Amino acid sequence: MLPFDNVTKEHSRCKMYDVNYAKALLYKNYTELRGHTPPFSEVSCKHGWDFNHTAYQSTVVTEWELVCEWDFLPTLSLFIHAIGTFCGSLIFGYLADHLGRKKTFLFAAMIQWGSGLATAASPGFLVFCIFRFLNGLTGVPMWIIPLIMGLELIGPSKRAPVGTTISLFYTLGVVGLAGIAYGIRNWIHLQLAVTLPFTFFVVYWWILPESPRWLMSQGRFDDMMKVVKKIAKVNGVHLNADYEEVIFTKYKMARSAEISARRYNLFDLFRTPNIRKKTCLIVFNSFSNYAVYNGLNFFVPHLGTDEHLSFLLAAVVELPAYAVLYLTLNRFGRRSVLMSAMVLGGSICIATALVPADQPIITTVLFLVSKFCITCSFFVTDLVASELFPTVVRGAGASLTQTVSTIGLCISPLITHFAKHFLYLPMIIFGVLAIVGGAVTMVLPETANQHLPETLEEGEEFGREMRWRDCLRLGQAGRRRIGPPLVKSRDGDMLLRPIAHAVGNGKVVITKV
């Protein structure tokens with residue numbers, strides 16, 4: 001017999017009465033066993049559980065019976081995977097600087113491939129978590145390093161649309177995953193289905209070129225020119241006869257400047273008041289975005305509708321976000337788009353929590369609108385961070401931002417776990433976090449169409465003269481200069497135009513662009 005819950009009007013799925021049923025037959029009043037308040041203590045189920053396999057043939061939960069007092073273990077595995085992502089963002093950023101983009105990417109692909117196969121073959125939950133940690137190490141660099149390699153080949157005016165387009169294909173991959181998961185209901189088969197395609201990355205060793213900017217930063221000028229000439233040949237671009245000589249001259253000037261230049265570090269971000277203020281604000285904003293964006297992804301199974309459909313819709317709703325960003329970022333400015341998206345998205349998260357539990361359709365619609373808004377802010381926050389920091393500490397600033405942001409990723413599954421006990425508490429937490437993160441954006445200066453700071457002195461002056469009325473002035477991108485006049489070069493999109501700065505900016509930070 002199972003205990004009966006007078007609140008839910010259901011029998012317990014985790015407890016049973018501690019009864020010797022052979023002796024219980026001797027009871028004169030056997031109906032006591034069937035009453036709501038029998039004189040027997042309750043214990044955890046001793047004989048295992050029967051699972052409903054209608055929706056899923058096999059899952060991690062059913063494989064190792066991670067229910068009842070063990071129901072936090074699936075959330076723990078997500079947390080461990082996020083910790084791996086945190087460590088990987090640091091490790092592979094260092095490797096990409098010292099081993100090169102190409103070698104680091106292929107190394108990450110092999111770890112992703114090996115850990116994915118090992119995860120599918122895990123004999124127990126502990127081993128499963130170990131391989132999920134290793135798998136998390138490469139989750140971010142596997143798509144960020146190719147993104148960086150692409151951005152290092154183009155001019156400044158193309159970076160926003162190219163970054164948006166690459167992020168778009170990331171979302172298309174998530175949409176494809178929804179279809180694969182719908183067709184494969186066995187978790188081992190699904191793990192193999194998303195892991196085996198990494199085998200094809202082996203051929204990249206022969207077809208993927210190394211980043212010319214990284215080669216330049218390492219002093220490998222001849223190797224860099226081989227890659228550049230090959231790219232020019234494939235693209236049908238004619239290089240001037242003196243192109244190599246001009247680039248080599250710029251390279252020597254940059255190398256001389258690097259040798260004589262002062263060395264900057266993370267602490268320079270906190271030495272002066274204006275840079276310190278902007279650093280704290282953008283780091284908190286990025287932390288909020290990562291926590292809310294990933295938290296919404298983890299919340300999808302709690303929407304009360306078909307899980308596969310909800311996952312698909314949560315991915316599809318990101319697609320129009322990229323179109324909106326493409327049309328608004330330069331026209332209305334980064335700050336207004338970022339603040340509006342976060343405040344609106346956070347408000348709708350809270351509104352979602354207020355919908356009655358018996359209205360799953362309304363809940364899902366509001367959830368999708370909030371996911372659309374947070375997707376917009378998720379992209380913009382990294383763009384703003386890369387533009388706010390002065391060039392001399394941009395790598396350190398981006399590294400700090402990414403490190404703290406990944407902490408937001410780590411805690412998001414823990415916040416979502418509250419939904420098992422208080423269904424919409426996570427949505428309230430995410431809503432408040434998004435609103436506060438969006439509000440602090442008002443204090444940041446606008447970076448669209450602005451001359452970006454190069455030195456610490458320029459960084460300290462950038463936005464320093466902002467007043468409270470400027471905080472409320474939104475949608476004014478390009479109308480009021482906050483920094484020195486914007487100078488646009490005629491050769492802004494020339495192949496490898498920023499090569500003179502490659503030595504100083506050759507660092508990679510694993511961050512979403």
Side-chain angles (χ1 to χ4, degrees), residues 55-56 59-61 66-67 71-82 85 132 136 139 170-171 174-175 177-178 181-182 287-319 321 341-379 381 405-438 512:
Y56 301 99
T59 67
V60 172
V61 173
L66 306 181
V67 294
D71 67 348
F72 72 94
L73 291 182
T75 300
L76 178 63
S77 70
L78 292 175
F79 177 74
I80 291 174
H81 187 270
T85 302
R132 288 301 291 165
Y170 170 83
T171 300
V174 177
V175 172
L177 175 61
Y182 181 81
F287 166 84
S288 303
N289 264 290
Y290 271 66
V292 176
Y293 176 83
N294 289 285
L296 293 180
N297 287 333
F298 291 132
F299 190 80
V300 168
H302 300 285
L303 288 177
T305 56
D306 180 83
E307 293 182 0
H308 293 91
L309 179 61
S310 298
F311 182 84
L312 175 63
L313 293 176
V316 171
V317 78
E318 295 188 10
L319 298 178
M342 292 194 71
V343 172
L344 180 60
S347 300
I348 298 176
C349 281
I350 296 176
T352 303
L354 301 178
V355 177
D358 59 350
Q359 299 291 332
I361 296 180
I362 298 178
T363 300
T364 302
V365 171
L366 291 177
F367 173 85
L368 293 176
V369 175
S370 65
K371 180 68 184 302
F372 166 82
C373 295
I374 298 302
T375 298
C376 292
S377 63
F378 187 65
F379 174 84
T381 184
S405 299
T406 310
I407 297 176
L409 167 63
C410 293
I411 68 172
S412 57
L414 303 181
I415 296 176
T416 307
H417 185 71
F418 290 139
K420 291 182 178 292
H421 309 285
F422 308 98
L423 182 58
Y424 291 121
L425 178 60
M427 294 300 292
I428 296 176
I429 296 175
F430 294 141
V432 172
L433 198 56
I435 292 174
V436 175
K512 187 176 178 12

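All figures in this text were calculated on a predicted structure; none of them were measured in a lab.
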Enter the distance from [X]:[atom1] to [Y]:[atom2] here, rounded to the nearest 0.5 Å.
X: M427; Y: F299; atom1: CE; atom2: CZ; result: 5.5 Å
X: L76; Y: D71; atom1: CG; atom2: CG; result: 11.5 Å
X: L423; Y: F418; atom1: CG; atom2: CZ; result: 14.0 Å
X: L73; Y: I80; atom1: CG; atom2: CD1; result: 9.0 Å
X: F287; Y: L409; atom1: CZ; atom2: CG; result: 10.5 Å
X: T381; Y: I374; atom1: OG1; atom2: CD1; result: 10.5 Å

Compare all side-chain heavy atoms of [X] with those of [Y] and state whether any distance is below 4.5 angstrom.
X: L433; Y: C349; result: no
X: P74; Y: V61; result: yes
X: I435; Y: S347; result: yes
X: T416; Y: F430; result: yes

Given 3.5 Å as the limit, does a donor-acceptor pair link the side chain of S370 with the main chain of F367, or not?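 Yes, S370 side chain to F367 backbone: donor-acceptor pair under 3.5 Å.
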Check: T364 side chain, P360 main-chain N or O, donor-acceptor pair, under 3.5 Å: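 Pair found, side chain donor or acceptor close to backbone of P360.
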Please find the pair of heavy atoms, one from [X] and one from [Y], that lie closest to each other, and give the distance.
X: H417; Y: T75; answer: ND1-OG1, 3.0 Å
X: C373; Y: G345; answer: CB-CA, 3.6 Å
X: G437; Y: S288; answer: CA-OG, 4.0 Å
X: M342; Y: S377; answer: CG-CB, 3.4 Å
X: T352; Y: L366; answer: OG1-CB, 3.3 Å
X: S412; Y: F298; answer: OG-CE1, 3.4 Å

Give a yes or no on whether L425 atom CG has more than 12 heavy-atom contacts from other residues, nucleotides or ligands under 6.0 Å away.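 More than 12 heavy atoms, drawn from other residues, nucleotides or ligands, come within 6.0 Å of this atom.
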Under 3.5 Å, sequence neighbours excluded: what are the donor-acceptor pairs made by side chains of residues 307-319?
residue : atom : partner : partner atom : Å
E307    : OE1  : Y56     : OH           : 2.5
H308    : NE2  : A181    : O            : 3.3
S310    : OG   : T305    : OG1          : 2.4
S310    : OG   : D306    : O            : 3.0
E318    : OE1  : T171    : OG1          : 3.0
E318    : OE1  : Y293    : OH           : 3.3
E318    : OE2  : Y293    : OH           : 2.7
E318    : OE2  : K371    : NZ           : 3.0

